[in-house]
Amino acid sequence: MQRYNALSVLWGGLTGQKNWQPVWGRPQPKSAYDVIIVGGGGHGLATAYYLAKVHKVRRVAVIEKGWLGGGNAGRNTTIVRSNYGIEGNTEFYEHSLKLWENLSHELNYNVMFSQRAHVNLVFSPGHRDMTARKYNIMRLNGIDGEYWDRDTLRRRIPHLDFEGRFPPLGAYVQPRAGTARHDAVNWGFARAATALGVDIIQGCEVTGFVREDGAIVGVEAVQGGREYTIRAEKVGLAVAGHTSVLAHKAGLGKLPIETHKLQAYVSEPIKPFLDCVLVYGGVGHFYISQSDKGGMVYGGHLDMYPSYAQRGNLPIYEDVAACCMAVLPALGRVKLLRQWAGVMDMSMDGSPFITITDIPGLYLNAGWCYGGFKATPGSGYCFAHTIAHDAPHWANARLTLSRYREGRLIDEETTGPTPKLH
Amino acid sequence: MLRIPCPFCGPRDHAEFSYEGDASVTYPPLDAPEEAWFEAVFLRENPRGPAEELWHHLYGCRAHLIVERDTLTHEITGARFANPAIRAALSGGEA
C-alpha cells in the first residue's frame with residue numbers, strides 16, 4: 001500500500017498528481033474464502049478490515065450489490081457521538097468513539113474526524129432534569145458530558161433564537177462527539193482492507209446461500225449476469241436496511257425489524273455559521289451541523305411509514321424546516337441544495353444486534369436504526385471479533401437477538417416495540 | 001405525498017394518517033403460549049414489495065384502515081376499513 005503523508009501530497013501537487021495509485025482493485029470472486037461479508041458499506045468494510053488486521057483471517061471477501069458507499073454509508077448526517085444512557089449502548093458506542101479517535105492514524109487515511117461537540121438543547125426544567133439524568137449516567141460510565149447554561153449557549157451559538165416563545169434553557173453537551181467525512185471512512189477502510197488482502201467485490205448481488213447439514217457454507221451470487229457459487233466457512237451479513245430480505249433467503253425467518261427511510265438534507269454552502277453539532281430534540285426532532293465545504297447538513301424524523309425506496313417525502317421536510325426555523329431562524333433564506341434518503345433497519349427497541357445466529361456459519365450485524373454511521377468502527381470491530389471467536393466481544397455482549405425473547409430490551413427512547421418511534 | 005383512498009373520506013394525503021403497523025399481524029389469545037406473543041409483538045415479515053398495512057385516519061374520519069401498499073414503489077392498490085363491523089355497517093351488507 002502506498003502510504004500517504006504530507007510529503008506525498010506535496011510531491012503530487014508538484015508533479016501533476018500522477019503519483020496516486022488505485023487503492024482497491026476489481027477482483028473476480030474466488031471459489032472459496034474463510035469469511036464472506038455481505039454488504040460493502042462502512043460496517044462491512046470495517047468488519048473485513050478488523051478480521052484481517054486483528055484476527056489475522058487470511059481470505060476475506062466483501063460482496064457488495066452496488067458500489068462502495070452507495071447505501072447508507074453515503075446517506076447520513078455524519079454525526080459521531082456516544083451519549084447513551086443504557087447498558088448495552090453505553091459501552092458499545094463509547095468503544096466505537098474511542099476507535100474513531102484514532103481512526104485516521106489506524107487507516108493512514110484522513111477520515112476528517114472533527115470532535116466539535118454535540119449540543120443537545122433543553123427547553124424546560126423537566127426536559128433539563130431528564131437529560132441531566134442521562135448525562136450523569138454517562139459520566140458514571142466514564143463518558144464525557146457537561147451542561148451549558150443559557151449564557152454559555154448564547155456565547156457559543158449566537159445564532160440561536162433566544163427571543164422566541166420557547167427559548168432554550170441550556171444544553172447538554174458531549175465535547176468529544178462530532179462529525180467525520182462519510183466517504184473517507186468507507187474509502188479508508190476499503191483501502192486498508194485491500195492492503196491486507198481482502199477482496200472487495202462490487203456490483204455483485206448475493207441471491208442465495210449454500211447449505212450443508214443445516215449450516216451455511218457459502219453464497220450464491222450474480223455479477224454482471226454471471227452466476228457464482230462462493231464457498232466460505234463463515235458468512236456475515238452487514239446489510240442494514242435490507243436485512244430482512246437476506247434473512248428470509250438465509251432461513252433466519254422473521255426478525256424484530258421494520259425497514260423505514262430517513263431523509264437528510266444539505267444547503268448551499270455558506271460562511272462559517274455553526275461549529276458544533278446542534279440537536280433540537282424532545283419537542284421537535286432536528287439535528288444540524290456544517291460541513292467543511294460550508295453546507296448546512298441536517299435531518300429530522302423518519303418518513304414514518306415502512307419503505308425500501310431510497311427517496312424521501314415532503315411532509316417530513318416541512319416538519320424539519322419548521323424545527324430549523326424554531327431554533328436557527330437565521331437560516332430561513334438559505335437554499336436547500338440536495339436531499340436524499342436511506343433505508344434503515346428500525347429495530348423493535350431502537351438498538352442494534354451484532355451476534356451469532358441459530359444457523360451455524362451465519363453471523364448477523366443489523367438493526368442500526370438511525371445510529372449506524374457513528375457505530376462504523378465499533379460495529380466492524382465487534383462483528384469481526386464475534387465472527388472470529390464465535391462469541392461476542394465485551395462491547396457487543398448485550399447486543400443479542402435473543403434479548404427480545406428474554407425481555408432484556410435496550411430501549412433508549414422508552415417507546416416500546418414501535419420501530420418508527422425509535 | 002402518498003394519496004390514500006379512504007373508503008369514507010375519499011383520496012387524502014398520507015399526512016392526515018398515522019402508520020400503525022403490519023396488518024398481517026394478529027394477536028393471539030391472552031392465554032396463548034409466550035412464543036406466540038413473542039412473535040406477534042416483536043417479529044415482522046418486513047416485506048420488500050406488496051404489503052398490507054394498518055393506517056389510522058387520524059386527521060380525518062379516525063377510522064383504522066387496511067391499506068394495500070408496495071413498500072418499494074409506494075403504489076397503493078386499495079384501502080378498506082380494518083374493523084369488519086364498520087365495513088358491514090357502511091356498505092349495508094355482510095362484513
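Letters A, B, ... are given to chains in the order of the sequence lines, protein chains preceding strands, and every chain is numbered from 1.
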Participant: Quick one: does His14(B)'s side chain get under 4.5 Å of Asn313(A)'s, heavy atoms only?
Facilitator: yes
Participant: Can you see which heavy atom on Pro417(A) is nearest to which on Val41(B), and at what distance?
Facilitator: CG-CG1, 3.7 Å
Participant: Considering only heavy atoms from C-beta outward, does the side chain of Pro256(A) approach that of Arg44(B) to under 4.5 Å?
Facilitator: no
Participant: Report, in residue-number order, which members of residues 57-72 of chain B are under 4.5 Å from chain A by heavy-atom distance.
Facilitator: Arg69(B), Thr71(B), Leu72(B)
Participant: Please say whether more than 12 non-hydrogen atoms of neighbouring residues, nucleotides or ligands are located less than 6.0 Å from CD in Glu406(A).
Facilitator: yes
Participant: Can you check whether Tyr305(A) and Tyr19(B) have ring centres sitting under 6.0 Å from each other?
Facilitator: no
Participant: Quick check: under 4.5 Å, non-hydrogen atoms only, which of residues 241-254 of chain A neighbour chain B?
Facilitator: His242(A), Ser244(A), Val245(A), His248(A), Lys254(A)
Participant: Out of Phe17(B), Trp37(B), Phe38(B), which one racks up the most heavy-atom pairs below 4.5 Å with chain A?
Facilitator: Phe38(B)
Participant: State, yes or no, whether a side-chain contact exists between Ser18(B) and Lys420(A) at a heavy-atom distance under 4.5 Å.
Facilitator: yes
Participant: Start with the C-alpha distance between Glu35(B) and Arg405(A), add both sets of side-chain angles, then the distance that settles salt bridge (Lys or Arg N to Asp or Glu O under 4.0 Å), and finish with yes or no.
Facilitator: CA-CA 8 Å; Glu35(B) 186 60 30; Arg405(A) 194 185 296 268; 2.4 Å; yes
Participant: The criterion is side chain to side chain contact (heavy atoms under 4.5 Å, CB included); which residues satisfy it with Pro360(A), sequence neighbours excluded?
Facilitator: Ala215(A)
Participant: If you measure from CZ on Phe42(B) to CG on Asp349(A), what distance do you get to the nearest 0.5 Å?
Facilitator: 7.5 Å
Participant: Can Asn46(B) and Tyr308(A) be counted as having a side-chain donor-acceptor contact under 3.5 angstrom?
Facilitator: yes
Participant: Are there residues of residues 1-13 of chain B whose heavy atoms fall under 4.5 Å of chain A's heavy atoms? If so, which?
Facilitator: Met1(B), Leu2(B)
